[in-house]
Each structure stands twice: as C-alpha cells, then as structure tokens.
Amino acid sequence: MTETVAVLPGDGIGHEVVPATLRVLEAVADFEFVHVEAGDAVAERTGDPLPDETVEAVTNADATLFGATGETSADVILPLRDAVDSFVNVRPARTYPGVDAVQPETDLVILRENTEGVYAGIENRLSEDVSTLTRLVTQSASRRLGEFACDYADANGHDGVTVAHKNNVMRVTDGLFVDTIREVASDRGVDVDDGYMDAMATHLAMDPTGYDVIVCPNLAGDMLSDLAAGLVGGLGLLPSANVGSDRGLFEPVHGCAPDIAGEGVANPTATILSAAMLLDFLDHDDAAADVRTAVESTLAEGPRTPDLGGSAGTDAFTDRVIERLPES
Ligand code: NAI
Ligand code: MG
C-alpha cells in the first residue's frame, strides 16, 4: 500500500524549502502526499493556527513533513508533536566538506526530550507582580527517552550516551531525569556519562569531538542544538525527526526565517535531510542514503546558498541535488 505523507509548509521559508524537498522525495519514492496548512497566515485568516483537519491528517499519515511556522509555533508544533505521540526529537549535527564550520570535527546527535520540562505549558500569572512555571519531569518519559537513546547508540555504532542536566540546582526534576537515564543505560550495558548543561555549552563550543549522543531535557535540547548548528555552518543545515512509537514528524531545526522569506534563497538542506530521516523511518533506506549522498556532493561541489557563502537560490541548489540522485 502507498504510504501517506502529510505535507505542512507552515509560514515564511516553509513555502520555499518544503516544495523543494517534495521534488526530491518525488524523485526517490512513491508516496501519497496530503497537503495541509497551519501557522500565522492561517491564524490571520481563520483565527485558528492549527485547523482540526490538519491534526487529523497528521494523525492519520504514516509520516509528516513540516516546514516551520512563525509566532504561532508553540500553538502548532507542540500539539502536532503530541498528535504523533513524539517523545523524542532527534537532531544530528555534523559538518560537510565544502562548508565552512567553526568546529570542522563536529559529528554528534542531540536527543531532545519532547513532551515535558519547562515546555509542558504549565504557566500561571498569579498577580500583577508574580508569574510561575512548573517544570514537569516524569520517570516514565525519562525512561522512554533513555531506552530510545540506548537503542539509537546501539543501532548507530556509538560508544555511549551523555546526559545534559543541571541536577545541582533542579535537584528533584533533573535528579529524576539523570538517575532514570543512568539506570536504563546501566541495565542495557550502554556507557553513560553526564554533565552540567551550561558547562557542556562551553565544551561544545571549544571541542565538540568529546560528544557523540547527547540526551537532553526539552529546553536544553532546544538550545544546545542551535549551538550545534552554529558549530557546523548554520541553521540551514540541521534536520530533525520527532519520533513516536509508530509515527513521525520531520522538520528542520530552523524557524520560518521572516528576514529572507520570499527571496528564494533559503537553504533547503535542513528540510531535505529531514526528509532523508523520514525515508529512514519508513524503511526506505536506499532512498535515504541516495538523498544524503546527493546533498553531500552538492554541498561539496556547489552551488551553495547565500547562508553558506554561495549565490544559488533554493531551486537551483535543489535542481543540482536531484541531478545527483541515481536514475530511477
Ligand atoms: P529562524 O530559524 O527562523 O532564523 C534565524 C536566522 O537563521 C535568520 O537569520 C534566518 O534567516 C536564518 N535561517 C534560518 N533558516 C535558514 C535557512 N534554511 N536558510 C538560510 N538561512 C536560514 O529563527 P528566528 O528568527 O528566531 O525565528 C523566526 C520565526 O520562526 C519566529 O516567529 C519563531 O517563533 C519561529 N520559529 C519556528 C520554529 C518552528 O516552527 N519549529 C522553530 C524556531 C523558530
Ligand atoms: Mg529551537
């Protein structure tokens, strides 16, 4: 049966990088695409940034390709991650030949907890003066993330995992987070290390080669992955996969980039590599490998988009990626 992929460009450069990526997917696989919408523009038109039919399409699809939304992001992406029961956001960051990088040896993956922490949405304004936020950490979600991290390390030939936390300050919540993941890893015979997330930011900036698989609470994963993007050449390069037990939502780490939207110069690499993760998830391993090889050789030989010092537009870069795919 043909697999269905929900396609949700969102706002801004989502309308440039997602159509470009669809051309790549069409060249390597035979999916039924279901086009849906969400984000600022829909909210302006209808008052609702996330229409019910979009949630339904994402829930029913085998996988979703998402671009980025704008100011309504939290109203869109958080419920959609829930809709696919996604407990982890997988964010690989590596360098590529031909792309200038602050830290050319970077090759790591951030596994970001996707449902809890300070992004659980439990905020209150208690008075004119006082606002509060409740940080949610459960043993069950930490265990599920720990199991995933061990599976990921095993499947991808990594020696072990490093847990980022701040259990000297958030003793109860990050205490539970680290202890649970340490316990899972030790039961599974996977090497586990841990470190304070603030110090880790410094170590990552100075020598990322010390890291392989970094397991993070939600906010720390968000921040450390943008840091990692800065090490490898920018946000235009970082893909991600929101993985659930049997569905997934694939999206670039970047946002809708209003500063360059409409100019046709957005780098589609992050979204095309997110599509490669989608292909992996649906067991189209050969197609995923072909897409990655085509992207890597295009980055190496050019043309490149302006964020990487080139002058090619989104479509010209994508044309060259497609030309480099094997004939089907
Ligand atoms: P951003 O990621 O949109 O942009 C940051 C900088 O990186 C900008 O200078 C932009 O031009 C550049 N950039 C990002 N992607 C690029 C690409 N593919 N090619 C070339 N350059 C690229 O983050 P920012 O500016 O903080 O947020 C803009 C909007 O996006 C906000 O409304 C924010 O809420 C939203 N956002 C949405 C996300 C999502 O939908 N998952 C994630 C992050 C931000
Ligand atoms: Mg972010």
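Heavy-atom basis, side chains included; hydrogens, waters and symmetry copies ignored. Note that this is a predicted model, so its numbers are computed, not measured. Both counts, for ligands and for their atoms, begin at 1 and track the order of listing.
Those atoms of ligand 1 that come under 4.0 Å of a heavy atom in Ala68, given as number and element, are 40 (O). Distances below 4.0 Å separate heavy atoms of Ser73 from the following atoms of ligand 1: 35 (C), 36 (N), 37 (C), 38 (C), 39 (C), 40 (O). The Ile13 neighbourhood of ligand 1 comprises atoms 15 (N), 16 (C), 17 (C), 18 (N), with distances under 4.0 Å to a heavy atom of that residue. Per-residue contacts place Phe66 under 4.0 angstrom from the following atoms of ligand 1 (heavy atoms of the residue considered): 40 (O). Near Asp307, meaning under 4.0 Å from one of its heavy atoms, ligand 1 places the atoms 20 (C). Atoms of ligand 1 lying under 4.0 Å from any heavy atom of Leu235, numbered from 1 in the order shown and given with element: 2 (O), 5 (C), 7 (O). Counting atoms of ligand 1 from 1 in the listed order, those under 4.0 Å from a heavy atom of Glu251 are 41 (N).
The two residues Ala68 and Cys256 have their closest heavy-atom pair at CB-N, 3.6 Å. Of all non-hydrogen atoms in Val55 and Ala83, the two that sit nearest each other are CG1-CB, 4.3 Å.
Between His203 and Tyr211, the two ring planes are parallel [angle under 30°; tilted spans 30° to 60°]. Classified by interplanar angle (parallel below 30°, tilted 30° to 60°, perpendicular above 60°), the ring pair His158/Tyr152 is parallel. Using a 30° and 60° split on the angle between ring planes, Phe31 and Phe33 fall in the perpendicular class, above 60°.
His15 places a side-chain N or O within 3.5 Å of a backbone atom of Gly10 that can act as its donor or acceptor partner. With Arg247 contributing its side chain and Asp62 its backbone, the two residues share no donor-acceptor pair below 3.5 Å.
For Asp259, the heavy-atom gap to ligand 1 drops under 4.0 angstrom. Heavy atoms of Cys256 come nearer than 4.0 angstrom to ligand 1 in at least one pair. A heavy-atom separation below 4.0 Å is found between Ile260 and ligand 1.
Using a 4.0 Å cut-off between heavy atoms, Thr305 makes no contact with ligand 1 at all. Only the side chain of Pro258 comes within 4.0 Å of ligand 1, judged by heavy-atom distances.
For Asp222, the N/O/S atom at the shortest distance from the Mg ion (ligand 2) is named OD1.
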